[in-house]
Amino acid sequence: MLLSIPPAIMGIIRIRLAGSPPDAPDIFERVEAARARGPVPVQVDVQAGDQFHFGRVNLVDARTRRPLTDAPSLAQLRLIPGEPALATSIVRAEGIIVDHWRAAAHPFARIVDKEVVADHVKKTVDVTFLVSPGPVATFGRFTVTGADFLTPGFIEERIDIAPGTPYSPQTLDRLRRRLLEYEAIASVRIREADRLDSDGSLPITIEVSPRKPRYVGFSATYSSTDGSALNAYWGHRNLFGGGETLRLDAQASWFGEKSEAVPSADPFGYKFAATFVKPGIYTARNDLVAEAAILREVTNAYVREAATLLVGVRHRFSDDLKLQVSLDLEQSQVEDSTDTRDYGIIGVPFELTYDNTDSRLDPSRGWRVSATVEPFAYLGDAGAGPTLFNGSVSTYHAFDENKRFILAGRLAAGSIIGAGLYDVPPQRRFYVGGGGSLRGYDYQSASPRNEDGIIIGGRSFFEASLEARVRVTDTIGIVPFVDMGSAFASEWPDFDGMKYSAGVGLRYYTSIGPLRVDLAFPLNPGPDDGDFGVYVSLGQAF
């Protein structure tokens, strides 16, 4: 590496201990003498020197010293002529150069050397990178190690990278993240061979390790508007050796006040649930999903005792896009302000999800989109025909590399068509209000009411939220936010009677996700609305 940099660029630092330079012959005696009198004086003088700026920046082939074609631009390298010549910018550019050629199927790209030459008269720094892109490669054979805790071939069936596919580190990273989605797998390490095979392909070794198969835990949520809940759970991450998961939950909830619709109802609720997932039915891209629950739910609009079952198949089109088709069964007894009725519900929900965010609990970039269409074979007294539509879109954008300022937004809407309002069972109507939708308002309160002022729910809804997530320190964040939303008696949102709220949240960032505390205030409260809402939970609001 050639460096020709005058001392003025680097600056001059002079240090004196007890009035003498550190290399003075009698420095130890002087320091000891000073110590006897008290603290040893230390003086540091810094002369910054002249500021230099980038001049010419070149990328050349290390072997021929000719300019490289298809090289990253100076803007991509952030080495713009005229900009301050920072050493950190040069080091960062080296990584960008290597990543550029690796992404172009050159796995052995490297910086052989660099020449940094300063012109003291012009106060410029010229930089030349000597780059060895290395050979173009394709993916070769994959070898799996450490997977004996899974059924034979489990990992191999999920390596959907055909031999001969152009090498790409992004492709390997997507494979690693996809394998880590299986709860039985604790870690995935991908090792690239240090040389190509004779056919120009790169052998890859995948090393996996298991997580502990069983786990137990508990969680708690608190809301001054939604009520509180305690949940204990037990789970198995590899039930039969094929990555099957089983989780059992037992939840106790307390509504915190009398139900408006059923004032005599006990505010205590419960839920016993089991969730089972079987990966790889039919093909590795299809999973069996089953959820069963027995529950008692207390709200201001109704009190429900029910048994539910959802069984479906989830198909993965890509790492980001999935479709689940299920059978939705419910047998319930629901009491509201009018009477008590038994409901048998059969539906077939189609749920499409797209998620390319970088984190489940604390995303800083990307999109989350979900859309559900559920036709009902039988819905209350409405007969065949009613269909539910429900969808949401969330997006996240970090404005800086350290992700200290993130803007997050969310839109959600839904509609039930083909049935009158009172033909739809109360538990299947739409409700807005509370920590999961419209903070600052009581649970379900931004929803249609009957002539007696009791919440009855709607056939459509609309919600929107905007948050500015600002990290003050590495562990503390502040989140100002605004919410809006309402449910409507009409089939489609008519935006009449929209509710608005604003507030601020505190985030404590942990290794498993942020702990959230939100304080929200209604901006256009009605006579029955409270003055504020407090919400405590793990993870961001959306």
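Given the structure is predicted, the values throughout are model-derived calculations rather than measurements.
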Report the distance from atom [atom1] of [X] to atom [atom2] of [Y], rounding to the nearest 0.5 Å.
X: Met484; Y: Ser437; atom1: CE; atom2: OG; value: 13.0 Å
X: Arg516; Y: Ser537; atom1: CZ; atom2: OG; value: 3.5 Å
X: Leu288; Y: Ile281; atom1: CG; atom2: CD1; value: 4.5 Å
X: Leu175; Y: Leu179; atom1: CG; atom2: CG; value: 4.5 Å
X: Asn58; Y: Lys114; atom1: CG; atom2: NZ; value: 15.0 Å
X: Thr151; Y: Glu157; atom1: OG1; atom2: CD; value: 7.0 Å

Checking [X] now: which residues fulfil ring pair (Phe, Tyr, Trp, His ring centres under 6.0 Å) with it, not counting sequence neighbours?
X: Phe54; result: none
X: His397; result: Phe399
X: Phe276; result: none
X: Phe461; result: Phe430

More than 12 heavy atoms of other groups within 6.0 Å of [X] [atom1]:
X: Trp367; atom1: CH2; answer: no
X: Arg92; atom1: CZ; answer: yes
X: Phe495; atom1: CZ; answer: yes
X: Asp70; atom1: CG; answer: no

Treating [X] as the side-chain partner and [Y] as the backbone partner, does any N or O pair qualify as donor plus acceptor under 3.5 Å?
X: Arg410; Y: Val393; result: no
X: Glu244; Y: Gly242; result: yes
X: Tyr431; Y: Ala446; result: no
X: Asp197; Y: Gly200; result: no

Check this for me: does any side-chain nitrogen of one of [X] and [Y] sit under 4.0 Å from a carboxylate oxygen of the other?
X: Arg314; Y: Glu291; answer: no
X: Asp362; Y: Arg507; answer: no
X: Arg211; Y: Glu183; answer: no
X: Asp45; Y: Arg14; answer: no
X: Arg66; Y: Asp61; answer: no

[X] versus [Y]: any side-chain heavy-atom pair under 4.5 Å?
X: Val373; Y: Thr387; answer: yes
X: Asn238; Y: Tyr182; answer: no
X: Ile111; Y: Val98; answer: yes
X: Val432; Y: Glu463; answer: yes
X: Ile204; Y: Ile159; answer: no
X: Val131; Y: Trp101; answer: yes

Against the six-membered ring of [Y], is [X] placed for a cation-pi contact (under 6.0 Å from the centre, within 45° of the normal)?
X: Arg471; Y: Phe405; value: no
X: Arg247; Y: Tyr233; value: yes
X: Arg439; Y: Phe481; value: yes
X: Arg469; Y: Phe542; value: yes

Does the side chain of [X] pick up a donor-acceptor pair with the side chain of [Y] at under 3.5 Å?
X: Ser209; Y: Ser187; value: yes
X: Glu374; Y: Thr372; value: no
X: Asp483; Y: Ser465; value: yes
X: Asp358; Y: Ser364; value: yes

Legend entry - CA sep, side-chain torsions, deciding dist, call: Glu192, Arg102, salt bridge (Lys or Arg N to Asp or Glu O under 4.0 Å): CA-CA 12 Å; Glu192 303 174 8; Arg102 280 176 56 82; 3.1 Å; yes
Inset, instruction - Run the numbers on Arg316 and Arg158 for side chain to side chain contact (heavy atoms under 4.5 Å, CB included), then give the verdict. - result: CA-CA 11 Å; Arg316 177 177 60 83; Arg158 285 154 179 80; 5.6 Å; no
Inset, instruction - Could you go through the side chain to side chain contact (heavy atoms under 4.5 Å, CB included) check for Leu150 and Ile155 one step at a time? - result: CA-CA 8 Å; Leu150 294 165; Ile155 301 296; 4.0 Å; yes
Legend entry - Name of the residue among Asp320, Thr353, Asp355 meeting side chain to side chain donor-acceptor pair (under 3.5 Å) with Arg368: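 Only one of Asp320, Thr353, Asp355 forms a side chain to side chain donor-acceptor pair (under 3.5 Å) with Arg368, namely Asp355.
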Inset, instruction - Please step through salt bridge (Lys or Arg N to Asp or Glu O under 4.0 Å) for the pair Asp119 and Lys123, ending with a clear verdict. - result: CA-CA 5 Å; Asp119 187 322; Lys123 292 184 173 57; over 6 Å; no
Inset, instruction - Can you sort out the partners of Ser201 under side chain to side chain donor-acceptor pair (under 3.5 Å), two or more places apart, ordered by chain and number? - result: Asp199
Inset, instruction - Take Leu466 and Leu407 through the side chain to side chain contact (heavy atoms under 4.5 Å, CB included) test and state the conclusion after the steps. - result: CA-CA 8 Å; Leu466 184 67; Leu407 191 64; 4.1 Å; yes
Inset, instruction - Using the test salt bridge (charged side-chain N to carboxylate O under 4.0 Å, His left out), find all partners of Glu351 that sit at least two apart in sequence or belong to another chain. - result: none
Inset, instruction - Would you check if the distance from the ring center of His315 to the ring center of Phe317 is below 6.0 Å? - result: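 Yes.
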